[in-house]
Amino acid sequence: LGSNPRPSTEQRQQALQSGGIDAPADGKIKAEPAKNFGSGRFYDAGSEGPIGLKAAMQYFEYDIDLSCQKKRLDVFLAEAQTDISRSFIQKLIEDHCVAVNGVEGRSKYKLKIGDHIDLKIPDPSPLELTPENIPLVIVHEDESIIVVDKPAGMVVHPAPGHSQGTLVNALLYHCSDLAGIGGVERPGIVHRLDKETSGVVVVAKTDPALQSLSQQFQDRSVKKEYLALVKGRMKNKRGIIDSPIGRHKISRKKMSSDPD
């Protein structure tokens, strides 16, 4: 696979259309803002993809550099897509949703510098969320909102590979009237914390509360504080880190501050 040249637009279009993406009549290319992972690019569902294809799903592109060579394809994609389990990535590969240099990918394929990866994540089927009796630490609750101290290890809302045991499943059990707020898949959720991050999550119980909280988070009028453990000897006891945060160039599951 790695020795194949990058395919032509026509070849890539044929490969992607096999997954159910239709090309627009005008063939125009409209790239949406990218979510970066190294040299990766992201095109959201409903936008036009990088080769003029109307995306019926999420579409990602990655160009492999020195830091990612020799990694298995499924391992790399699991590190790139942290909200998706490796088993689900392998299923996407089996379902012909991953191509390397225009050719169907294999989970065990070892990446080479210059490889081009196309990943398609189909729109999820509507979730039938099941209320689960999971203990919650409730910081505050009234008729409009509920504030929960989420433990580390808990996913906020269901996603591929995490259909049970989420905060949403627990909230649906605790709040009988939450199901109709803000949509089926993320009822009442206006922000989230990563799976391994513990902390306070504010959830709306009414539509007015949902709209108000969403606007406050959008306007960045909500003050958020994080407590982190730091390893090593710091030169200063106090200070400000003011630089972009992104994925570590070598350890892709870690985040790092990169002034460049």
Side-chain angles (χ1 to χ4, degrees), residues 1-21 29 31-45 47 49-53 55-124 153 155 159-163 194-196 231 244-258 260:
L1 289 176
S3 62
N4 291 340
R6 176 175 289 197
S8 65
T9 297
E10 290 74 20
Q11 289 173 321
R12 291 180 61 205
Q13 183 166 346
Q14 290 175 0
L16 290 172
Q17 282 179 329
S18 65
I21 301 180
I29 299 175
E32 293 296 308
K35 292 180 180 177
N36 293 323
F37 179 80
S39 55
R41 291 169 293 282
F42 165 71
Y43 302 87
D44 207 346
S47 66
I51 59 173
L53 300 179
M57 57 190 74
Q58 291 183 332
Y59 175 84
F60 297 80
E61 284 185 311
Y62 299 101
D63 291 307
I64 301 305
D65 58 19
L66 179 63
S67 65
C68 299
Q69 68 169 337
K70 296 184 179 181
K71 284 191 176 183
R72 282 175 53 119
L73 176 61
D74 58 347
V75 172
F76 168 79
L77 290 175
E79 292 177 354
Q81 302 293 330
T82 55
D83 289 338
I84 299 179
S85 66
R86 183 174 171 185
S87 61
F88 187 74
I89 287 290
Q90 292 172 338
K91 184 178 185 303
L92 291 175
I93 294 174
E94 293 173 0
D95 291 344
H96 316 297
C97 292
V98 178
V100 180
N101 302 323
V103 180
E104 287 184 5
R106 295 175 297 174
S107 292
K108 61 182 181 181
Y109 171 71
K110 295 294 184 68
L111 298 174
K112 298 178 177 63
I113 297 177
D115 279 347
H116 182 84
I117 300 174
D118 292 301
L119 168 65
K120 301 174 297 182
I121 303 180
D123 287 341
V155 176
H162 300 285
S163 60
D194 290 341
K195 178 182 177 182
E196 299 303 333
K231 181 180 179 180
I245 297 176
R247 296 207 173 273
H248 193 279
K249 293 180 179 179
I250 304 299
S251 302
R252 291 298 192 174
K253 287 188 175 181
K254 298 180 180 179
M255 306 298 286
S256 66
S257 176
D258 187 357
D260 297 329

With side chains defined as the heavy atoms from C-beta onward, is the minimum distance between [X] and [Y] less than 4.5 Å?
X: Gln81; Y: Phe60; answer: yes
X: Leu92; Y: Pro122; answer: yes
X: Leu111; Y: Ile117; answer: yes
X: Lys71; Y: Lys110; answer: no

[atom1]/[X] to [atom2]/[Y] distance, rounded to the nearest 0.5 angstrom?
X: Tyr62; Y: Asp118; atom1: OH; atom2: CG; answer: 11.0 Å
X: Cys97; Y: Glu104; atom1: SG; atom2: CD; answer: 10.0 Å
X: Glu94; Y: Ile89; atom1: CD; atom2: CD1; answer: 12.0 Å
X: Ile64; Y: Lys112; atom1: CD1; atom2: NZ; answer: 11.5 Å
X: Phe76; Y: Leu119; atom1: CZ; atom2: CG; answer: 9.5 Å

Regarding His116 and Asn101, is there a side-chain donor-to-acceptor distance under 3.5 Å anywhere?
->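 Their side chains do not contain a donor-acceptor pair, so the 3.5 Å distance test is not met.
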Provide the closest heavy-atom pair for Ser107 versus Gln90 in the form atom of the first, atom of the second, distance.
->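 Nearest heavy atoms, Ser107 then Gln90: OG-CG, 3.7 Å.
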Taking every non-hydrogen atom, the tightest pair across Glu196 and Gly153 =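 Closest heavy-atom pair between Glu196 and Gly153: OE1-N, 3.7 Å.
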